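Numbering of ligands and ligand atoms starts at 1, following listing order. Because the structure is predicted, anything quoted here is derived from the model rather than measured.
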Amino acid sequence: MRKQQNFKWNTLSLGTCYYPEHWDESLWKEDLKRMLAHGIQTIRIGEFAWSKVEPREGEFTFEFFDRFLEVAAQTEIKVIFGTPTATPPAWLTNAYPEVLNCRMDGVKFRHGMRRHYNYNSPIYQKFCKRIVEKFGEHYAKHPSVIGWQIDNEINCEVDEFYSESDTLAFREFLKEKYKTLDALNQAWGAVFWNQEYTHWEEIYVPRTTIHNSTNPHQTLDYIRFVSDSAVRFCKMQSDILRKYVKPGDFITTNGMFQNLDNHRMTDEALDVYTYDSYPNFAYCLCEDPKHSKNLNDRRWSDKLTEVRSICPHFGIMEQQSGANGWNTRMEAPAPKPGQMMLWAMQSIAHGADYVSFFRWRTCTFGTEIYWHGILDYDNRDNRKLAEVKRIYDRVQAIQETAGAENQAAVAVVKDYSNIWDAKVDVWHQRLAWSSEEEIFLASQVNHTPMDYVYLLDSTEVEELTRYRVLIYPHGLILSERKAALLKAYVEEGGCLILGARTGQKDENGKCVMMPMPGLLAEVTGSDVREFTFVGPADDKVNMNWNGILLDTGIFNDILEPIGSNAKVLAEYAGNYYKGQPALIENPYGNGKVLHFGGTFTQENVKALLEYVGVLKPYCDILELPKDCEITAKEKEGRTYIFVLNYVEEPQEIFIKRAVKDMDTKEQVQGKICLGAYETKVYEL
Ligand code: GLA
C-alpha cells in the first residue's frame, strides 16, 4: 500500500512566488500588505538565492532573509522557503567545473542558465548538503516559515545527465542491480553488435553514436538511473531539512517532469507534492509541433489528473498569472479576463487545495522579463490583481470542498517501465502516446471523470478495486508482479481493458518468446496470432461491433480466443485480416477482461466505456455541452460537482434535479448559462 501523504492543507488558500532579492527592500512591506489585501496569505521565496546566504565559498550571512522574514512576521504572511540548489553560484561552478552537467557528447553546460549541475557529483552533493543545512538550521525555526520546497522543478529543462560523475555513479547503480557483468550482458542483450562488457570501466552513460541509437535495454536502465539519482538528490535534502522543520510544517518540491519516478520521490522524500501549472502553453506561439492542440488549456486537466495520482491532495506552487516567455524562448499570450479564475478552479477541481500564482510582479531584468506575474513592471493595480481578489472571494464560498476526494469509476493504468520504454522504443511510443491522448479526450468530451493509477512496487489490489474499470492501454512490459496485481483485480470483480501489444516485453525491454498477451493470457483467454501497424495505404481499419463500425487505431493485434469462455465481441472489418477477432471478452473470477487488438480512439473508448457501464456517470443529474468539463469530489458523504467552461462563448447546461449552487447557496435547477470561462460548483 502506498504511504498516505503526510501533509494536507485543511483549507483552500492562495499564495504567490516572491523574490525579495529582485526588489528594492523599500518595496517589501508594501508588497506583502498588498498581497494580503487581495487574499494572498502565503509566499514562496529563496529557491534561487544561494549567493544571498553564501556569497563566497564558506562565507555565510543570514541577514538578508532575516530582514525579509521580519517583514513577513510583521505582516503575518506565511513563507514556503526554497532550497537554492537549482542555481549553484558562479564561484562554485568556476572553482569546481565537475559539478556541471554535460551534453551527450561530453561538452559541459556552462554557467549562465539554471539547473546546470549534475546530481551525482560528490563535490556538488557536499556543497548542497552544507547550504541546505545552513538554510534549515537558520530559517526553519522562524514562525513565519510553514514549509520547504526542495530545489526547483527537479528534472525540468534537462532530464539527461552525461557528466563524468554520472558515468561513475551509473556503474555503481548497475553493479548493485546486476552484481555480475554476465548478468548485465544478458539483461542488455549485449551480444548484439558486440557490446559485451569485460570490465565495469567499459560502461558509460549513453554516448553519442550514429543516429544516437543506443542499446535500448541500456537506455532503459539509464533512465531508471536518472530517476534514481534525482530521487536520491531530493531525499538527501529532505533528510537534512527534517532535522529542523517544525512540527506541522511540510517539505515539498514542485513538478512534474520526465525521467523521474515522482511517486517514489514523494513517498521517500516529501510530505506533499506541488505542481506548476501553465495552461497558456496551449497557446504558445513557438511551441513544439508535436504538442497537441486538442482541447487547448483544458489539456492541463490531464496533467492535473496525473499529479493527483502522485498526491491526491496537492498544491499548485506556480499557477499562471500572465503572458509567458523568456528572452530566448516561448511566447504565450496573457490570460484573458476570467482565465486566471478558470485555471485556478481547474486546479482545485482536480485536487489542489493550495494555489500560488507565479509570480507577484514581473521581473524587470534577466531571462524571464516576459514571464509575467500578477503585477506588471509599472507596479500599478491591474485587472489580474482584481481577479486574484475575486478568486479569493470565490474560494471562501467553496471552502467546504477543501480536502474532498476526487471521484472516478474508471482509471488508466500506468507504470514507469512502460512510460520509459516508450521513450526508448518509437514503436511503443507511437501507440502509447496516441492512446493516452485519445483516452483523455474521450473521457473529457464524454464527461466521464477518470484517474490515473500507477502500478508501483508498493501497489496493492485495494488501490485498484476502487475503480470499476481499468484501462491498461499498452502494457508492453509486463512483470509477474504487475500481472498478478491485475489478475487479482479482475478476480475481485474488476473490469480490465487491454490494448494492442500487451505482454510483448520483459522488464529489461526485451521481447519475450511467448504468445502475447504473455503473462496475462490466462486472464484474457486470448492470444495474438499476428500483428501489424496500420500503414498509411490501409487508410483505417474498422472493427465491426454488433453492426457498428469503429476505428481500431494505428496498430492491430489479430486476436484468437483460447479460453473456453472467451467470446469474440468484434471482428476486423478490413485489411488482410478481415473477419478475424479484434475484441475478445473473457470472464475471470468475479470480473472480466476485454482484450482489444487495436489502439484507442475517442470513438472506440466511448463505445467500450458505454459497454462496461461507466460512461457519463452524472448524466442523470446534469447535461453538459462538449466545451464544459465536469469533475466530482466527495467529502463526508457530500458530493460536489465542478463544471468548467473553457471557451469564450456562453455554454448552456441543464440541471435535471435541484442542487445547491455553492456560490449563491441557493437551490438551482433547469437551464443555466455559463458565461465566458465561467465555472460553477454544485453540491448534490
Ligand atoms: C518554472 C520555474 C519558475 C519560473 C517559471 C518561468 O515554472 O519554476 O522558476 O522560471 O518556470 O520560466
Which ligand 1 atoms are under 4.0 Å away from a heavy-atom of [X]?
X    : result
E318 : 1 (C), 2 (C), 3 (C), 5 (C), 7 (O), 8 (O), 9 (O), 11 (O)
F48  : 9 (O)
D276 : 7 (O), 8 (O)
Y278 : 5 (C), 7 (O)
W326 : 6 (C), 12 (O)

Of H350, R298, Q346, the one forming a side-chain hydrogen bond (donor to acceptor under 3.5 Å, both in side chains) with E629 is H350
Exactly one candidate in Y677, Y646, W343 meets side-chain hydrogen bond (donor to acceptor under 3.5 Å, both in side chains) with D297; the answer is W343
**Report entry** W420 six-ring centre to K423 NZ/CZ under 6.0 Å and within 45° of normal
**Finding:** no
Atom 9 (O) of ligand 1 sits nearest the protein heavy atom R114 NH1, 3.0 Å
Of all protein heavy atoms, the one nearest atom 1 (C) of ligand 1 is E153 OE1, 3.0 Å
Practice prompt. Decide whether R115 and Y117 meet the rule of one side-chain donor and one side-chain acceptor closer than 3.5 Å.
Written response: yes
Sorted by chain and number, sequence neighbours left out, ring-ring contact (aromatic ring centres under 6.0 Å, His included) with F250 holds for F7, W9
Across all chains, not counting sequence neighbours, the side-chain contact (heavy atoms from CB on, under 4.5 Å) partners of E437 are S292, N294, R299, L441
| Are any of the N or O atoms of E368 closer than 3.5 Å to those of ligand 1? | yes
_Polar contact flag for N152 and ligand 1 (N/O pairs, less than 3.5 Å)_ = yes
Sidechain-backbone polar pair: Q320 side chain, G322 backbone, donor-acceptor under 3.5 Å
yes
Q) Does even one non-hydrogen atom of R359 get within less than 4.0 Å of ligand 1? A) no
